[in-house]
Protein chains: 2
Amino acid sequence: MASPATRPRRQAPPRHQPEPRFDRQLGKILEHATEVFCNKGYEGASMRDLSRATGMSLAGMYHYFGSKERLLYLIQKHTFSTILSQVRECLSQTTSSEQGIRTFIENHLEYFLEHQQAMKVLSHEDEVLDGEYGREIAHIKREYYRICRDLLDRYKKEKGIEFDSRTAVLSLFGMMNWIYTWYNPRLDGGAGQLSREMGNIFFRGISAGKRNGAGK
Amino acid sequence: MASPATRPRRQAPPRHQPEPRFDRQLGKILEHATEVFCNKGYEGASMRDLSRATGMSLAGMYHYFGSKERLLYLIQKHTFSTILSQVRECLSQTTSSEQGIRTFIENHLEYFLEHQQAMKVLSHEDEVLDGEYGREIAHIKREYYRICRDLLDRYKKEKGIEFDSRTAVLSLFGMMNWIYTWYNPRLDGGAGQLSREMGNIFFRGISAGKRNGAGK
DNA sequence: TTACAATTAGAACGAACGTTCGAACTGTTA
DNA sequence: TAACAGTTCGAACGTTCGTTCTAATTGTAA
């Protein structure tokens with residue numbers, strides 16, 4: 001079931017550009033595969049479904065990806081790595097811890113809505129991977145969680161208030177990650193509006209509302 | 001794929017007690033099946049897994065339940081109906097809208113933690129059922145959502161504050177339903193503590209904290 | 001052109017899938 | 001006892017699963 005992440009791929013890229021076309025096509029395939037996993041679930045999607053959707057033969061899929069499990073792993077790893085490095089970059093420009101948390105929320109929702117299918121696969125097929133693959137994804141996840149939790153701990157210290165950080169972070173993640181079950185672009189606006197609303201709830205709760213209108 | 005909910009069952013229960021032993025055994029089987037669905041997912045669990053776990057032969061499963069889809073439907077319907085009627089009963093004794101929402105949260109989390117596996121199956125296998133089955137579950141779900149949203153609208157009017165009800169309710173559901181991905185009884189306390197913490201975040205946000213200790 | 005590796009594809013593998021079927025049990029009623 | 005519905009089961013149905021194999025095809029370097 002579990003095996004290290006080293007399998008087919010190219011072993012010795014010549015001296016030219018390091019696989020431009022190769023990786024671009026591979027990226028396209030991953031996109032299509034993500035859509036299938038998103039719609040049918042990991043177990044519900046067959047390699048034949050994936051091969052049909054990507055336009056690549058069944059045997060070709062195995063040439064590129066080695067196994068169905070590894071295909072899911074590559075999708076999850078790429079998605080998670082991207083959102084992680086993106087949030088790090090955004091945060092490097094903030095100083096206030098409240099602003100940091102609000103940036104974290106906005107970045108998360110922005111990425112979430114921009115890559116809804118990939119994020120659903122990440123959220124929904126969370127426990128599927130085990131072994132080495134699962135450990136690697138879990139590690140990235142823990143880093144991501146840590147960033148938010150550290151921001152929160154800083155906020156607590158600065159403001160001198162006390163609450164359970166773990167519950168708070170995980171509640172925040174719940175608010176944000178659950179949207180894949182209900183988001184409707186016509187009803188719910190964009191990432192900016194949603195992150196402002198969720199940020200407000202998280203910081204001040206619903207009771208402190210009143211400030212509507214404004215904000216594009 | 002979809003068919004009405006009328007299938008095997010008993011058609012004409014004699015005049016004695018209305019199927020006491022029958023339903024009790026059926027309940028046991030549903031419990032075991034819930035555990036399997038919870039651990040392996042709907043698509044990942046085979047009828048042979050389910051038959052093994054329940055101790056009933058493969059053919060026996062079909063005698064009782066008709067199909068794998070109907071088995072999931074029965075689990076979801078029973079779980080959802082129960083939590084819905086339970087929350088209605090709890091709410092009938094409250095008057096304040098804030099107290100109502102806090103009661104809603106507490107009831108939800110209490111039931112969630114008491115029946116973690118069933119609630120995970122309900123949350124995680126949400127989009128699996130289609131046709132008549134799916135419509136029926138969706139209907140119960142909408143009722144449940146409505147109760148919370150009406151409470152929230154009442155709260156808004158009473159307090160004269162303004163915020164987006166839809167986003168608020170769905171954020172609250174996200175907070176609560178996400179716990180199946182992280183809850184650890186050793187770290188996170190019971191339903192009472194969690195619902196107090198989440199209720200606080202929802203009403204006052206994290207900034208209004210400070211009141212720790214106390215309350216078991 | 002030849003040569004060679006990277007890529008693609010059709011066909012097939014055994015295993016497991018959801019479901020069905022007819023026969024064997026069981027417990028009650030006459 | 002015989003009869004009969006309700007229940008249980010082993011065995012098998014046809015299909016699809018993830019994966020592998022071998023051979024054909026492609027693109028590029030010499």
Side-chain angles (χ1 to χ4, degrees), chain A residues 1-3 7-26 28-29 32-33 36-37 40-74 125 128-131 133, chain B residues 1-3 7-26 28-29 32-33 36-37 40-74 125 128-131 133:
Chain A
M1 287 283 166
S3 58
R7 276 273 236 141
R9 268 321 258 270
R10 230 177 204 152
Q11 289 156 302
R15 33 195 156 334
H16 337 290
Q17 314 99 305
E19 316 155 357
R21 201 171 312 175
F22 180 89
D23 274 4
R24 216 171 323 132
Q25 195 195 357
L26 196 140
K28 278 277 173 212
I29 291 175
H32 287 119
V36 176
F37 278 143
K40 315 186 86 166
Y42 174 76
E43 301 280 359
S46 73
M47 285 299 270
R48 284 162 183 84
D49 292 330
L50 294 163
S51 117
R52 209 175 305 121
T54 57
M56 171 173 280
S57 81
L58 196 49
M61 299 288 290
Y62 279 92
H63 175 75
Y64 273 105
F65 303 109
S67 73
K68 188 184 175 187
E69 204 183 5
R70 202 175 104 94
L71 187 45
L72 176 64
Y73 158 77
L74 288 175
E125 314 299 345
V128 174
L129 296 175
D130 55 351
Y133 290 159
Chain B
M1 284 285 167
S3 58
R7 276 275 235 141
R9 270 318 260 269
R10 228 178 206 151
Q11 289 156 303
R15 36 196 155 330
H16 338 291
Q17 315 99 304
E19 317 155 355
R21 203 170 310 175
F22 179 89
D23 272 3
R24 217 171 322 136
Q25 196 196 355
L26 197 140
K28 279 277 174 212
I29 291 176
H32 286 118
V36 176
F37 277 142
K40 315 186 88 168
Y42 174 76
E43 300 280 0
S46 73
M47 285 299 270
R48 284 161 183 84
D49 292 331
L50 294 163
S51 116
R52 209 175 304 120
T54 58
M56 171 173 279
S57 81
L58 195 49
M61 300 287 290
Y62 279 91
H63 175 75
Y64 275 104
F65 302 109
S67 73
K68 188 184 175 187
E69 204 182 7
R70 202 175 103 95
L71 187 45
L72 176 64
Y73 159 75
L74 288 174
E125 314 299 345
V128 174
L129 295 177
D130 55 350
Y133 290 159

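Below, chain A is the first sequence line, B the second, and so on; all start at residue 1. In this text the structure is predicted, and so the values were computed from the model without any measurement.
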Once you round to the nearest 0.5 Å, how far does [atom1] of [X] lie from [atom2] of [Y]?
X       : Y       : atom1 : atom2 : result
A:Met56 : A:Tyr64 : CE    : OH    : 4.5 Å
A:Arg52 : A:Leu58 : CZ    : CG    : 10.0 Å
B:Leu50 : B:Phe37 : CG    : CZ    : 4.5 Å

In this structure, how many angstroms lie between the [atom2] atom of [N] and the [atom1] atom of [X], rounded?
X       : N      : atom1 : atom2 : result
A:Glu69 : D:dC17 : CD    : C1'   : 15 Å
B:Arg70 : C:dT20 : CZ    : C1'   : 17 Å
A:Phe65 : D:dT20 : CZ    : P     : 16 Å
B:Met61 : D:dG10 : CE    : P     : 14 Å
A:Met56 : C:dA6  : CE    : P     : 15 Å

Do B:Phe65 and B:Leu26 have side chains that approach each other closer than 4.5 Å (heavy atoms only, starting at C-beta)?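 With C-beta onward as the side chain, the pair touches.
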Are the side chains of A:Tyr42 and B:Glu43 in contact, using a 4.5 Å heavy-atom criterion?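 B:Glu43 does not reach A:Tyr42 side chain to side chain.
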Phosphate oxygens OP1/OP2 of [N]: is one of them under 4.0 Å from a side-chain N or O of [X]?
X       : N      : answer
B:Tyr62 : C:dC21 : no
A:Tyr64 : C:dT8  : yes
A:Ser57 : C:dT8  : no
A:His63 : C:dT7  : yes

Specify the residue among A:Lys68 and B:Leu58 whose closest nucleotide of DNA chain D lies further upstream toward the 5′ end.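 Upstream on the strand: B:Leu58.
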Residue-level proximity of residues 41-50 of chain A to DNA chain D when a heavy atom falls under 4.0 Å: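 A:Ala45, A:Ser46, A:Met47, A:Arg48 - these, ordered by number, are the residues of the stretch whose heavy atoms sit under 4.0 Å from the strand.
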Side-chain (A:His32) to main-chain (A:Lys28) donor-acceptor, under 3.5 angstrom: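 Indeed, once roles are kept as given, a pair shorter than 3.5 Å links the two residues.
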